[in-house]
Protein chains: 2
Amino acid sequence: MNKNKKKTTIYDIAALADASPSAVSAVLNGTWEKRRLSRKLAARVMRIAEEQGYAVNVQASLLRREKSNIVGMIVPKYDNRYFGEIAEQFEELARARGMFPVVTCTQRDPDLEFEAARELISYQAECLISTGATDPDRISDFCSAAGVQSINLDLPGTKVPSVISDNRAGAYDLTMLILDRCLQDLGWSGSLRFVGGRLADHNTAARLEGFLAAHRDRGIEVPDHHVLAAGYSADSAARVLADFRPDGPAGIFVNSTISLEGVVRWHRTLGTRAAQVRYGCFDWDPFGSFLPGNVGMVEQDVSGMLGKAFSFIGHPETPGTQVLVPCRLHRFD
Amino acid sequence: MNKNKKKTTIYDIAALADASPSAVSAVLNGTWEKRRLSRKLAARVMRIAEEQGYAVNVQASLLRREKSNIVGMIVPKYDNRYFGEIAEQFEELARARGMFPVVTCTQRDPDLEFEAARELISYQAECLISTGATDPDRISDFCSAAGVQSINLDLPGTKVPSVISDNRAGAYDLTMLILDRCLQDLGWSGSLRFVGGRLADHNTAARLEGFLAAHRDRGIEVPDHHVLAAGYSADSAARVLADFRPDGPAGIFVNSTISLEGVVRWHRTLGTRAAQVRYGCFDWDPFGSFLPGNVGMVEQDVSGMLGKAFSFIGHPETPGTQVLVPCRLHRFD
DNA sequence: AACGTTTGCGCAATCGATAGAGCAACCTGT
DNA sequence: ACAGGTTGCTCTATCGATTGCGCAAACGTT
């Protein structure tokens, strides 16, 4: 209770319990029955450990052991529901499997991503899940050099298994929904605008594919200037729309909740013209359904993706495997 | 590059570099100049380490060292901006100070909180920041028994320093804003309703105090049935409002963004009567400003709080210290 | 040439927990 | 009473990195 400087070790407890350190170790890690220690000794040791506020030194324990049970995850940001949910569920799933989850946030900075991966490996993580990494292959290379399994989530790599949303299908469905609602609510049919993201990103590219395919299937041509993927930030979304003042019906496909902020900001500046605009967003936020003009959002299946990812742990798959997890479309109004 | 099973250790590198393990260790942890190793040896070792994809074994390193530089944090959830920002900034600040941040999410479960604290201590965390812990004192007790510093964030405890928002002042200001807007927009003055949270919680209690004080200063009496703190969830907020169908002006103080969801849901069911309702929310969300009827939100000063918390690290303060950090009021429209 | 100093590096103990191997004491059956 | 088995525990090497100490070679000085 009253140790002030050093922490209690099994040696301290051994002295107090009049037993050997190895006995204490066996009691405290639960192998004492296997090692045929008496229930009496075990009880005594456990009582003393409790009294002394003992906590095992994982450093020492892991050094000796073979398995660490640590699973690492890197996420870019905690600033939206999607990554927040990923982190939270990751921890839950890991614990449920008796593993120790360590999540670290890398601010979308490629170097920080790499450093974080190295740190997690230094901590003997047995598996590393890279979420939304800007350069997943660099991380997988390092992991495989260190003999650590790695898995990509949300963004695909080429070297290790990747679990990602079916962005194309989700975008296709969302585009169809917006087109439908434009027709239904506004009696109008025409090419939507695609706002937000970067075309170089895999996810944006896949979503644009779905967007274009839906238009094609409806026999609508998409003019080049309707693809406005100049970045993810709210500001850049607001900027690309700034001089678009529709004098008739219009529809917008928004590529992320961050961009959605910018779109809604723009939308509010339209005054009465706003009623002639319909939009939908790829990504989900609980406040989305309250935004006027928003006809639907695509929610990525976080549990589904993580479940898949966890199923890979300990079962190395063929390098390039790509698992697509379907999204869920929320329709509003 | 091609180790398949075991990880490279300083012994492997020592063999390859024709040097001793201690030399390799010194080179790789940067103390080689202090130990007067030649630049040539250092370069050779570093090259080989690079080639082999070496990553230090933190377990072994920390076991031998005195300081771990690990700072732990427990947060209840990642499901809103507030905790997400806390986690993110915590990591940033820790890294900026050369520490290794480990954040873990405890689902508002008191037992999980305690287990997580024990785990972090097992990992030799030098300091533990408990955010929004349901039972902070239990954690501080365990930490002090283990000789680990602990600090409370967001919710105060009695045993260790606590850094919390000035909930009372923030709520006072927000209440004043809503009252003002009711008068200004609706020409109405009267008692607002307080929706969401639990009165037993410190934060809710402090906010209710501010809420009541503002009414008192305006000479408005608050009837008991206007305090509707039946929980944080969106559903419970919607439920307590379900049979409130205002036939005149009304104002609502919402106690969290989670409750806000319920309030907005209710608000939309009002149809044309909705125009007669004004509300404001303690807590911030970027979509808040787009919600019709929302006159303002209180943003807690995450950087300020974390800055304070970090300033305590390594400088044990008088046990009960409570630091109040002012909030920022966002006004909409 | 003899001696002190600097340079460059290795030896070996150590951190705390774990696990294989081993050793007394006790029990059981004959 | 003694072989063979069981019970209950301890001894000791080990995991990988760190660090105080020490030692030999090279260098400088007079």
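Values below: every heavy atom of this structure, side chains too, minus hydrogens, waters and symmetry copies. Residue numbering restarts at 1 for every chain, and letters A, B, ... go by the order of the sequence lines. In this text, all values refer to a predicted model and were calculated from it rather than measured experimentally.
- Residue A/L37 contributes atom CG, which lies 14 Å from atom C1' of D/dT6 at whole-angstrom precision.
- The distance between atom CG of A/N57 and atom P of D/dG16, rounded to the nearest whole Å, is 16 Å.
- Taking atom NZ on A/K67 and atom C1' on C/dT18, their separation rounds to 16 Å, with Å as the unit.
- The distance from atom CH2 of B/W32 to atom C1' of C/dG8 is 12 Å, rounded to the nearest whole Å.
- In this structure, A/Y78 has its ring center closer than 6.0 angstrom to the ring center of B/Y78.
- If you take NZ of A/K7 and C1' of C/dC15, they are 13 Å apart, rounded to a whole angstrom.
- Using a 4.0 Å cut-off on heavy atoms, the residues of residues 16-31 of chain B that approach DNA chain C are B/A19, B/S20, B/S22, B/A23, listed by number.
- Applying the 3.5 Å distance criterion, the base of C/dG8 shares no donor-acceptor pair with the side chain of B/R39.
- B/D137 and B/T158 form a side-chain donor-acceptor contact under 3.5 Å, judged by distance and modelled atom types alone.
- Axis angle between the ends of the helix from C/dA1-D/dT30 to C/dT30-D/dA1, five pairs each and rounded to 10 degrees, works out to 40°.
- Under the 6.0 Å distance and 45° angle rule, B/R198 does not count as a cation-pi partner of B/Y232.
- A/R138 and A/S130 form no side-chain donor-acceptor contact under 3.5 Å, judged by distance and modelled atom types alone.
- One finds a side-chain N or O of A/S61 lying less than 4.0 angstrom from the OP1 or OP2 phosphate oxygen of C/dT18.
- Taking atom CG on A/L41 and atom C1' on D/dC9, their separation rounds to 8 Å, with Å as the unit.
- Taking the six-membered ring where the residue is Trp, the centroids of B/Y123 and A/Y123 are separated by 6.0 Å or more.
- Look at CZ on A/R36: it is 11 Å from C1' on C/dG22, rounded to the nearest Å.
- At a cut-off of 3.5 angstrom, the base of D/dG16 holds no donor-acceptor pair with the side chain of A/R64.
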Open item on the list: Run the salt bridge (Lys or Arg N to Asp or Glu O under 4.0 Å) test on B/R95 and A/E119 for me, step by step, so that the C-alpha distance in whole Å, both residues' side-chain angles and the decisive distance to 0.1 Å come before the verdict.
Closed with: CA-CA 12 Å; B/R95 274 192 234 280; A/E119 267 176 343; 3.5 Å; yes
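- Scanning atom types as modelled, no donor and acceptor separated by under 3.5 angstrom connect the side chain of A/R65 and the base of C/dT18.
- Side-chain N/O atoms of A/R35 and base N/O atoms of D/dT10 include a donor-acceptor pair closer than 3.5 Å.
- In this structure, B/Q59 places its CD atom 22 Å from P of C/dT14, rounding to the nearest Å.
- Looking at B/R65 and B/S61, their side chains do bring a donor and an acceptor atom within 3.5 Å of each other.
- Counting only N and O atoms by type, the side chains of A/D12 and A/Y54 include no donor and acceptor under 3.5 Å apart.
- Within the model, atoms OG of B/S165 and CE of B/M305 stand 4.0 Å from one another, a figure rounded to the nearest 0.5 Å.
- At D/dA17, one or more side-chain N or O atoms of B/Y54 fall inside 4.0 Å of OP1 or OP2 (strictly under the cut-off).
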